[in-house]
Participant: 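I have a structure I would like to understand better, so I am pasting it below and will then ask my questions one at a time.
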There are 2 protein chains.
Amino acid sequence: MEAQTNKAFRRISHETLNEQVYQEIRRVIMAGLLQPGSVVTIRGLAAQLGTSTMPVRDALRRLLAERILVMDGPRRYRLRVLSRGEFEEILCLRLSLEGELTELATLCAAQQDIETLNQIQRRFESSLKSGDNFLEANQDFHFALYALAQRPITLSLVRSLWMQVGPLLNHYRMQQGGELAVEHHRAVLAALKKRNAPAARAAIAADLNDAARVILDELPAGADDPLQ
Amino acid sequence: MEAQTNKAFRRISHETLNEQVYQEIRRVIMAGLLQPGSVVTIRGLAAQLGTSTMPVRDALRRLLAERILVMDGPRRYRLRVLSRGEFEEILCLRLSLEGELTELATLCAAQQDIETLNQIQRRFESSLKSGDNFLEANQDFHFALYALAQRPITLSLVRSLWMQVGPLLNHYRMQQGGELAVEHHRAVLAALKKRNAPAARAAIAADLNDAARVILDELPAGADDPLQ
DNA sequence: CGCCGGAATCTGTGATCACATATGTCAACG
DNA sequence: CGTTGACATATGTGATCACAGATTCCGGCG
């Protein structure tokens, strides 16, 4: 019944064109290369990606469902602009959800897991010194930590919230914000070793609060982005 | 510049076929008419709905992004089956998020809002006696309450969680569950009048816990649904 | 100069088709 | 009887096209 389970072969990943297009569009958005409020068109993206309109349609609809895009007007896709109030609400949610995941992770973490996190943290610090895309390593640290909690649904909610603030995080590069994160991450690791769940939660909360403060300070004072 | 602002006219809603198809498929799923684990096909749904395959494709991809559907296998849409652990995790999240919204709603509620909630509650109780689709009125009560908190992002997360448990809620009809909800809702309304936020949260928590208990008791004891 | 109107263009939507491939059926062979 | 192989069917994906309607631009009128 069971086919030959030869370890020599690895599964062929038949990734659809749709998925590739979605990943690429999302990458560009999350990298902050498109300003919030920008209008995106199906044919325009299809031309830049070198595909037909069809995979782009599907990708945009998916981004719409994920609230990365909004439709204002009958046939108009636009990058969502996060108001100051919405940003603060997301921060509040993240403090609650990610704090809970951190506490659970502290209780579940094996020695092996802590070592893996240490490794990611070293990569984060080195990418911070070399000066490029430390935000990706930062995200890796957080989600590797949260994954330990074994809460797939909560994790998906947190991922959704990160995606919604992603464009802002990357647009305002938070130049000096990364330095603060180093200490907070180290505090998390120290708390993990001691199995001190409240301390780990507090360190993550401080990390999120500091990052949010950097964004909020650079954000235009008024309500939403003026959008042209 | 401003067109004639005549109150006599109301906006024409140009609802796309896509949206109608999505709403109809979701209605059928949420009504429990399709068992979790069922396979759905684009052409099959298109034939039953009397449309082309295109709007159905978009609707299925949206339901996929909303985690109502899953793809197992390269070209296979399937209704997601919620494991017991996932259901309990969602319950935990709902207790936290909906509890928070309830507390905030208690502090924000105007007299007018409480009266509206009373009205919805009367409709809920009458639909419970007449015996049909009281779940819809129940949902109206909860979301009318939560909307008072003025937390759009949190509300969207809660709506997502409701959609994920919807098929189970409606599949196991929770015959006697509705009776318990009446008292809990009344307790919420009483707490609202007295501006007692913790009491309101406790009443909502009791409501969610009782409903979940009914589902968990009827759920097959093991892990997931056996799915044919 | 300002406002209205019509043509041209652009855009998302929906339909139809071609294609690769997964699935199911069934006969032939061991 | 169980397994294998080929053939037939079904399905999602991606491409292309037609269409309605929104937007833009420009000319003409007041």
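The chains referred to below are lettered A, B, ... by the order of the sequence lines, with proteins before strands, and numbering in each begins at 1. Model, not experiment: these values are computed from the prediction.
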Participant: Salt bridge (charged side-chain N to carboxylate O under 4.0 Å, His left out) for B:Arg27 and B:Glu24? Distances and angles first, verdict last.
Facilitator: CA-CA 5 Å; B:Arg27 187 188 67 78; B:Glu24 179 63 10; 2.9 Å; yes
Participant: Report the nucleotide, chosen from D:dA22, D:dG14, C:dA18, that has the shortest atom-to-atom distance to any side-chain atom of A:Arg75.
Facilitator: D:dA22
Participant: Just compare D:dT13, C:dT13, D:dT16 and give me whichever is closest to any side-chain atom of A:Thr53.
Facilitator: D:dT16
Participant: So, under a plain 3.5 Å distance rule, would you say the side chain of B:Arg76 forms a donor-acceptor pair with the base of D:dG12?
Facilitator: no
Participant: Please work out whether the ring planes of A:Phe124 and A:Phe134 are parallel, tilted or perpendicular, with thresholds of 30° and 60°.
Facilitator: tilted
Participant: Between atom CG in B:Asp72 and atom C1' in C:dA22, what is the gap in whole Å?
Facilitator: 13 Å
Participant: Of the nucleotides D:dT13, C:dT13, D:dT16, which has the atom closest to the A:Arg43 side chain?
Facilitator: C:dT13
Participant: In this structure, how many angstroms lie between the P atom of C:dA22 and the CZ atom of B:Arg78, rounded?
Facilitator: 16 Å
Participant: Nearest 0.5 angstrom please: B:Leu145 CG to B:Asp140 CG, how far?
Facilitator: 12.5 Å
Participant: Rounded to whole angstrom units, what separation is found between the CE atom of B:Met54 and the P atom of D:dA15?
Facilitator: 12 Å
Participant: Can you tell me whether the side chain of B:Arg57 and the base of D:dG14 have a donor-acceptor pair closer than 3.5 Å?
Facilitator: yes
Participant: Checking contacts here: which listed nucleotide (C:dT13, D:dG14, C:dA15) is nearest the side-chain heavy atoms of A:Asn18?
Facilitator: D:dG14
Participant: Would you mind reading off the distance between B:Glu15 atom CD and C:dT13 atom P, rounded to a whole angstrom?
Facilitator: 13 Å
Participant: Is there a donor and acceptor pair, one atom on the side chain of A:Arg61 and one on the base of C:dG12, closer than 3.5 Å?
Facilitator: no
Participant: Tell me: OH of B:Tyr77 to C1' of D:dA10, nearest whole Å?
Facilitator: 15 Å
Participant: Between C:dA20, D:dG14, C:dG12, which nucleotide has the shortest distance from any of its atoms to the side chain of A:Leu17?
Facilitator: D:dG14
Participant: At 4.0 Å (heavy atoms only), tell me whether B:Ser52 reaches a base, stays on the sugar-phosphate, or touches nothing.
Facilitator: base
Participant: Give one of base, sugar-phosphate or nothing for B:Val40, where a contact means two heavy atoms less than 4.0 Å apart.
Facilitator: sugar-phosphate
Participant: Measure from CG on B:Leu45 to C1' on D:dG12 and round the result to the nearest Å.
Facilitator: 13 Å
Participant: In whole angstrom, what separates B:Ile42's CD1 from C:dT16's C1'?
Facilitator: 14 Å
Participant: If you take all heavy atoms of B:Cys108 and B:Asp113, which pair is closest and at what distance?
Facilitator: O-OD2, 4.4 Å
Participant: Expressed as a whole number of angstroms, how long is the span from A:Asp58:CG to D:dG14:P?
Facilitator: 7 Å
Participant: Which one of A:Asp58, A:Leu45, A:Thr16, A:Thr51 satisfies the side chain to side chain contact (heavy atoms under 4.5 Å, CB included) criterion with A:Val21?
Facilitator: A:Thr51
